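All remarks here apply to the structure that follows.
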Amino acid sequence: MKIATIVGARPQFIKAAVVSRAIQISNKKKKKIQEILVHTGQHYDYLMDKVFFEELDLPQPHYHLGVGSGSHGKQTGIMLERIEAVLQKEKPGAVLVYGDTNSTLAGALAAAKLNIPVAHVEAGLRSYNRRMPEEINRLLTDHLSTFLFCPTTQAVQNLLKEGIRDGKGKIVKNVGDVMYDSILYYSKIVEKKSTILRDLGLFKLKTQNSKLKTHNYYLATLHRAENTDDPKRLKSILKALNEIGKEAPVILPLHPRTKKVMKIYNLSPDNHRVKLIEPVSYLNMLTLEKYARAILTDSGGVQKEAYWFGVPCITLRDETEWVETVKSGWNVLVGAETKRIIQGVHEAMREILPRKAPNAFGNGKASGKIVDFLIKIR
Ligand code: UD1
Ligand code: UDP
């Protein structure tokens, strides 16, 4: 069986690396899946792209479509045209797409129009906010898909509400979250491989509790269009980071989108309080997350990683797809208002003893389960 995997953006390299590894492991027993990797080129800076291929042993793409940046219509349209050409040539038995980016939608649409079954990893997520480009991408991709690999029971329920259920030609399964597989795999080696804490001069927090590994910094990430493309929201968030930075430095690996907008509006936080750094590799990111006092983010993936590491998360959004992290008390939605963000951090920090998060994201074997389903496709 030939599978074409479509990737293009940072979180997709991380997710695809886990499933690709599971395919290779399965093929060692008996070669059943030939994976053709197609990179749309949506992300292209070294630290948004190649670093993940190198660090996570993701095979080199068989096709690099070089699409690059652009408006939604233009970017998705060019991807659609180029992916279609690859699919016509390769004639895969299924197309595997991840998450909710423009690369996801283009891959799903190109395949569905050619009557090639679409397999969607991270199916069923909803923010119920259609102003988010990602929500449009997810909705359409799920409705085009034949195989819907959901990370949570909530995701399965979300699909049910839209009439998408297991049976009648569709496979809808809660397999767990491939990013949880990934964190379990890498968190064992992360300390050995990453020197980021030392490089940035970050040290352990002085506390009575010797078991507590927390270091004296906050970690922040910011890239969601609703925050970056609205200067009022962006300014308000940066103001909050400046305030939080009075207590402990805020480390902010800057997404290129945010960097660009900050330059346009000439926004720069106090560099003693908010340390702007280039995007970091996955292992460096996991290390920064693991030892942070708390994480402020608008990223989907980072919210979950905070939860899995048991680090308080303050989400700079008005809603989230990852409702389990909020229900458990580990994640708080604060939006973009300065006061509310600061208050959210203080509430989250009131109790910094190690806590356990109940696992709603499977048992770390999501990628193996996905491969077991893919093998059965005829
Ligand atoms: C995309 C996804 C988003 C995902 C994020 C992961 C869509 C609609 N959005 O958002 O869901 O959470 O990736 O990080 O698909 N840029 C560079 N270098 C790069 C990549 C981007 O400079 O390597 C800049 C360009 O100015 C570009 C802007 O960032 O216009 C936005 O990039 P784009 O891929 O369109 O969206 P993201 O914000 O990265
Ligand atoms: N990440 C990374 N380096 C960074 C920022 C994020 O490796 O500088 C990782 C992060 O650990 C997570 C994934 O990228 O695994 C999340 O991607 P992103 O925030 O870009 O997108 P989202 O999850 O919001 O779609």
Side-chain angles (χ1 to χ4, degrees), residues 6-18 39-52 55-56 66-76 78-79 97-107 122 125 127 131-138 140-141 151 177-183 186-187 190 194 196 219-229 251-264 276-290 292 295 297-306 308-309 311 315-317 320-322:
I6 315 291
V7 291
R10 172 167 69 188
Q12 293 168 331
F13 307 139
I14 295 165
K15 292 166 199 172
V18 190
H39 187 329
T40 62
Q42 178 169 352
H43 285 175
Y44 43 84
D45 291 349
Y46 175 77
L47 289 170
M48 295 295 290
D49 174 16
K50 282 210 178 57
V51 68
F52 298 99
E55 191 170 64
L56 308 181
V67 175
S69 304
S71 66
H72 286 283
K74 188 172 174 193
Q75 188 183 50
T76 314
I78 300 172
M79 286 176 189
V97 295
Y98 291 89
D100 51 21
T101 73
N102 288 347
S103 299
T104 316
L105 175 61
E122 219 174 69
L125 289 220
S127 65
R131 290 177 59 83
M132 279 182 86
E134 292 85 355
E135 185 78 352
I136 308 296
N137 292 341
R138 296 177 194 126
L140 293 173
T141 301
D177 196 314
V178 293
M179 289 186 78
Y180 185 52
D181 296 17
S182 184
I183 207 173
Y186 285 107
S187 57
V190 79
S194 170
I196 187 109
L219 176 67
T221 79
L222 188 60
H223 76 277
R224 201 60 59 203
E226 73 208 36
N227 287 331
T228 58
D229 296 9
I251 308 298
L252 174 54
L254 206 54
H255 191 288
R257 173 187 206 105
T258 318
K259 189 178 185 178
K260 192 171 86 176
V261 181
M262 282 170 67
K263 204 171 164 198
I264 293 171
L276 299 179
I277 59 172
E278 291 292 310
V280 295
S281 76
Y282 180 61
L283 295 185
N284 282 339
M285 188 63 184
L286 292 187
T287 308
L288 284 171
E289 289 171 348
K290 191 169 175 183
I295 298 174
T297 190
D298 60 8
S299 156
V302 175
Q303 286 174 63
K304 287 182 293 173
E305 286 163 352
W308 292 324
F309 280 132
V311 173
T315 293
L316 307 165
R317 287 180 52 192
T320 181
E321 304 74 39
W322 303 106

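Just so you know, ligand 1 is whichever comes first in the structure, and atom 1 is the first atom listed for that ligand. What you are looking at is a predicted structure, and each value in this text was computed from that prediction instead of being measured.
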Ranked by distance from atom 26 (O) of ligand 1, the top protein heavy atom is Lys260 NZ, 3.0 Å

Any heavy atom of Pro11 under 4.0 Å from ligand 1? The part involved is side chain

Residue, atom and distance of the protein heavy atom nearest atom 21 (O) of ligand 2 read Pro11 CG, 3.5 Å

With the side chain counted from C-beta on, respond yes when Asp49 and Arg10 share a heavy-atom pair under 4.5 Å apart, and no when they do not. no

Next on the checklist: With respect to Met285, determine whether any N or O atom, backbone or side chain, lies less than 3.5 Å from an N or O atom of ligand 2.
Outcome noted: no

Quick look: His223 vs ligand 2, heavy-atom contacts under 4.0 Å, and the answer is side chain

Atom 18 (N) of ligand 1: closest protein heavy atom, distance to 0.1 Å, is Asp45 OD2, 3.0 Å

### Query
Can a salt bridge be assigned to the pair Asp100 and Arg138 using a cut-off of 4.0 Å between side-chain N and carboxylate O?
yes

Indicate whether the side chain of Thr221 and that of Thr297 have a donor and an acceptor atom separated by less than 3.5 Å.
yes

The residue among Tyr186, Tyr180, Trp322 that forms ring-ring contact (aromatic ring centres under 6.0 Å, His included) with Trp308 is Tyr180

Interatomic distance, NZ@Lys290 vs OG@Ser194, rounded to 0.5 Å, equals 10.5 Å

closest protein heavy atom to atom 23 (O) of ligand 2 is Gly301 N, 2.8 Å

message = Would you say that His255 contacts Thr228 through its side chain, given a criterion of any heavy-atom pair below 4.5 Å between the two side chains?
response = no

**Prompt:** Does some side-chain heavy atom of Phe13 sit less than 4.5 Å from a side-chain heavy atom of Val51?
**Reply:** no

Assess Glu289 for proximity to ligand 2: is some non-hydrogen atom of it under 4.0 Å away? yes

Per-atom filter on ligand 2: closer than 4.0 angstrom to a heavy atom of Pro279 are 8 (O)

For Asn102, the ligand 1 atoms with a heavy-atom partner under 4.0 Å come out as 7 (C), 8 (C), 15 (O)

CE (Met285) and CD1 (Ile251) are apart, to the nearest 0.5 Å, by 11.0 Å

For Gly300, the atoms of ligand 2 under 4.0 Å from one of its heavy atoms are 22 (P), 23 (O), 24 (O)

- Message: Side chains of Val97 and Thr141, heavy atoms from C-beta outward: is any pair under 4.5 Å?
- Response: yes

Notebook entry, point to check: Hey, does Asp298 come in under 3.5 Å of ligand 2, counting only N/O atoms on both sides?
Noted result: no

Quick look: Ile14 vs ligand 2, heavy-atom contacts under 4.0 Å, and the answer is side chain

query: Going by heavy atoms in the side chains, are Pro11 and Tyr98 under 4.5 Å from each other?
result: no

Atom 39 (O) of ligand 1: of Arg257, His223, His43, the nearest heavy atom sits on His43

field: N/O donor-acceptor pair under 3.5 Å between Glu135 side chain and Arg131 backbone
entry: no

Nearest non-hydrogen protein atom to atom 19 (O) of ligand 2, with distance, is Ser299 OG, 2.7 Å

re atom 22 (O) of ligand 1, the protein heavy-atom contact at minimum distance is Pro256 CB, 3.3 Å

Side-chain touch Met48/Arg257, heavy atoms, less than 4.5 angstrom
no

When distances are taken from atom 14 (O) of ligand 1, the protein heavy atom at minimum range is His255 NE2, 3.1 Å

Next on the checklist: Quick check on Ser281 - does any of its heavy atoms sit under 4.0 Å from an atom of ligand 2?
Outcome noted: yes

Side chain to side chain contact (heavy atoms under 4.5 Å, CB included) for Leu316 and Leu222? Distances and angles first, verdict last. CA-CA 8 Å; Leu316 307 165; Leu222 188 60; 4.2 Å; yes

Quick note on ligand 2: atoms under 4.0 Å from a heavy atom of Phe52 include exactly 7 (O)

Closest to atom 20 (O) of ligand 2 by heavy-atom distance, out of Glu321, Met179, Arg10, Lys304, is Arg10

When distances are taken from atom 10 (C) of ligand 2, the protein heavy atom at minimum range is Glu305 OE1, 3.3 Å

- request: Answer yes or no for Thr221: is there a heavy-atom contact with ligand 2 below 4.0 Å?
  value: no

Residue, atom and distance of the protein heavy atom nearest atom 7 (C) of ligand 1 read Gln42 NE2, 3.6 Å

Check: Lys259 near ligand 1, heavy-atom distance under 4.0 Å?
Finding: no

Before signing off on this row, confirm whether Val280 and ligand 2 have an N or O atom pair separated by under 3.5 Å. yes

Note: ligand 2 atoms sitting under 4.0 Å from heavy atoms of Pro253 are 8 (O)

*Please tell me if the side chains of Ile196 and Ser281 come closer than 4.5 Å, counting only heavy atoms from C-beta onward.*
no

| Test of proximity, Asn137 against ligand 1: N or O pairs below 3.5 Å | no

With Asn137 as partner, the option from Thr101, Asn102, Thr104 fulfilling side-chain hydrogen bond (donor to acceptor under 3.5 Å, both in side chains) is Asn102

When distances are taken from atom 25 (C) of ligand 1, the protein heavy atom at minimum range is Ser69 OG, 3.3 Å

Margin query: Check Asp229 with Arg224, please: is the shortest side-chain N to carboxylate O separation under 4.0 Å?
Written below: no

In ligand 1, the atoms that come under 4.0 Å of a heavy atom of Glu134 are 3 (C), 9 (N), 11 (O)

CD of Glu305 to OG of Ser182, rounded to nearest 0.5 Å, is 7.5 Å

for atom 24 (O) of ligand 2, nearest protein heavy atom and its distance come out as Arg224 NH2, 2.5 Å

request  = May I ask you to check whether Thr101 has an N/O atom sitting below 3.5 Å from an N/O atom of ligand 1?
outcome  = no

Output yes when the distance from some N or O of ligand 1 to some N or O of His72 is under 3.5 Å, and no in every other case. no

Looking only at protein heavy atoms, what sits closest to atom 16 (N) of ligand 1 is Tyr44 OH, 3.5 Å

For this session: Indicate yes or no: does Lys15 engage Glu122 in a salt bridge with an N to O separation below 4.0 Å.
Result: yes

Note, Thr40 side chain near Ile6 side chain (heavy atom, < 4.5 Å): yes

